[in-house]
Amino acid sequence: MIRLILKITILYLAMTWALFSQEKVWRQLTTEAYAGKQDDITFVDENTGWYVNGYGKIFYTSNGGTTWEKQLEQKGSFFRTIAFVDKNIGFVGTVGTDYFPNVTDTIPLYGTKDGGKSWKPIAYKGPYVKGLCAIDVVREQFINHGKIDYKVHLFGVGRVGSPANIMISHDGGETWTSHSMNNDCKMLFDIKMLNKNEGFACAATSEDITQSNALILKTVDGGATWQKVYQSTRPFETTWKVAFPSKSVGYVTIQSYNPDTNLKQQRVAKTVDGGQTWREINLTEDSAAREFGIGFIDENHGFVGTMNSGFETKDGGTTWQKIDLGRACNKIRIYKEANEKVYGYAIGVNVYKL
């Protein structure tokens with residue numbers, strides 16, 4: 001009997017260790033020191049990626065973040081967002097002038113066709129875009145001469161501090177058009193397109209933060225028109241970043257800038273019906289835990305970055321546990337390969353890998 005109990009115990013411990021060893025955790029990568037929040041990171045496969053920051057710097061890795069090469073340092077530019085179509089074609093957006101000090105670059109979007117070795121300003125038709133905060137890439141599958149191919153659509157939105165604009169390309173970034181969204185909102189922070197027509201924008205109702213409500217907008221015509229699907233009822237609020245782990249389930253971080261430290265509750269907006277309706281779920285009671293990035297592996301398992309730490313949920317946001325994602329984790333990108341392998345990268349004051 002003792003031997004049987006011992007065997008069962010050993011088997012249980014072995015199974016527990018196997019599960020534990022497979023548990024994914026975030027680990028900090030070695031990167032150049034930066035004084036504040038860095039805003040975006042992107043990868044085209046597990047090894048090949050780029051990140052940007054407010055010093056006008058673009059960094060590149062070919063080994064999954066083990067080492068990084070500085071590809072560009074452009075004084076006066078505040079690089080806010082970056083996206084790549086493939087290993088060669090990519091785009092980087094700037095936040096623009098009159099918001100952060102020492103920023104002089106008035107060009108909203110740059111492009112590369114050689115993997116970031118060289119960057120050039122992107123021409124576009126439409127109203128002037130003062131700055132961008134997010135770029136999303138949509139691949140539309142189609143049959144091309146009897147073979148499966150993809151059309152690439154790109155959507156960029158901005159900015160924090162206003163004005164609200166969108167930039168769109170339907171030919172992989174060869175040509176771009178811009179449209180004002182000031183009639184729909186006053187600030188724009190993030191965009192997620194489920195396909196070339198249907199998507200969501202993280203926004204705010206006012207450029208005056210004391211009057212602002214968090215706002216989520218939906219489009220069904222590729223960004224030509226937008227409708228409000230969520231608006232908070234509290235002042236000093238904006239949305240920030242969005243994650244859709246499936247077509248039905250999505251999450252948006254809600255930021256509070258209320259100076260009253262007695263108001264401690266931090267919230268996330270969640271949808272389970274494809275963004276038609278949203279409800280607020282609680283993240284943590286901590287007035288200092290201003291929210292930033294968000295990313296989900298599946299409908300239930302995800303992560304949120306805040307000013308002080310990260311949070312993880314495995315039950316769709318019903319409960320959250322504090323984890324190490326560094327300070328001010330602004331962008332969390334989760335990738336899933338065809339073989340179901342999952343990996344992720346996150347950036348804030350530091351860079352992390354899942």
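Residues take their numbers from the sequence shown, with the count starting at 1.
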Open item on the list: How long is the straight-line distance from CG of Leu283 back to OG1 of Thr313, given to the nearest 0.5 Å?
Closed with: 9.0 Å

Task: Side chain Gln71, main chain Gly115, donor-acceptor under 3.5 Å - done: yes

Task: Thr81 side chain vs Ile135 backbone, donor-acceptor pair below 3.5 Å - done: yes

Task: Aromatic contact, Trp176 with Phe91 (centres under 6.0 Å) - done: yes

Task: Distance-only polar pair, side chains of Thr210 and Asp208, donor-acceptor under 3.5 Å - done: yes

- [ ] Would you check if there is a donor-acceptor pair between the side chains of Gln276 and Lys218 at a distance under 3.5 Å?
- [x] yes

- [ ] May I ask you to decide if the ring planes of Trp68 and Tyr51 are parallel, tilted or perpendicular, using 30° and 60° as cut-offs?
- [x] perpendicular

Taking NZ, NE, NH1 and NH2 as the nitrogens, is one of them in [X] or [Y] under 4.0 Å from a carboxylate oxygen of the other?
X	Y	answer
Lys117	Glu69	no
Asp40	Lys331	no
Asp45	Lys87	yes

Task: Closest non-hydrogen atom pair between Lys37 and Asn330, with its separation - done: NZ-OD1, 3.4 Å

Task: Apart from Leu325 itself, residues in the same hydrophobic cluster as defined by side-chain heavy atoms under 4.5 Å - done: Trp26, Ile297, Phe303, Ile323, Ile332, Ile334, Val342, Tyr352, Leu354

TODO: Not counting sequence neighbours, which residues clear side-chain contact (heavy atoms from CB on, under 4.5 Å) with Arg139? List them please.
DONE: Val85, Val137, Tyr150, Val152

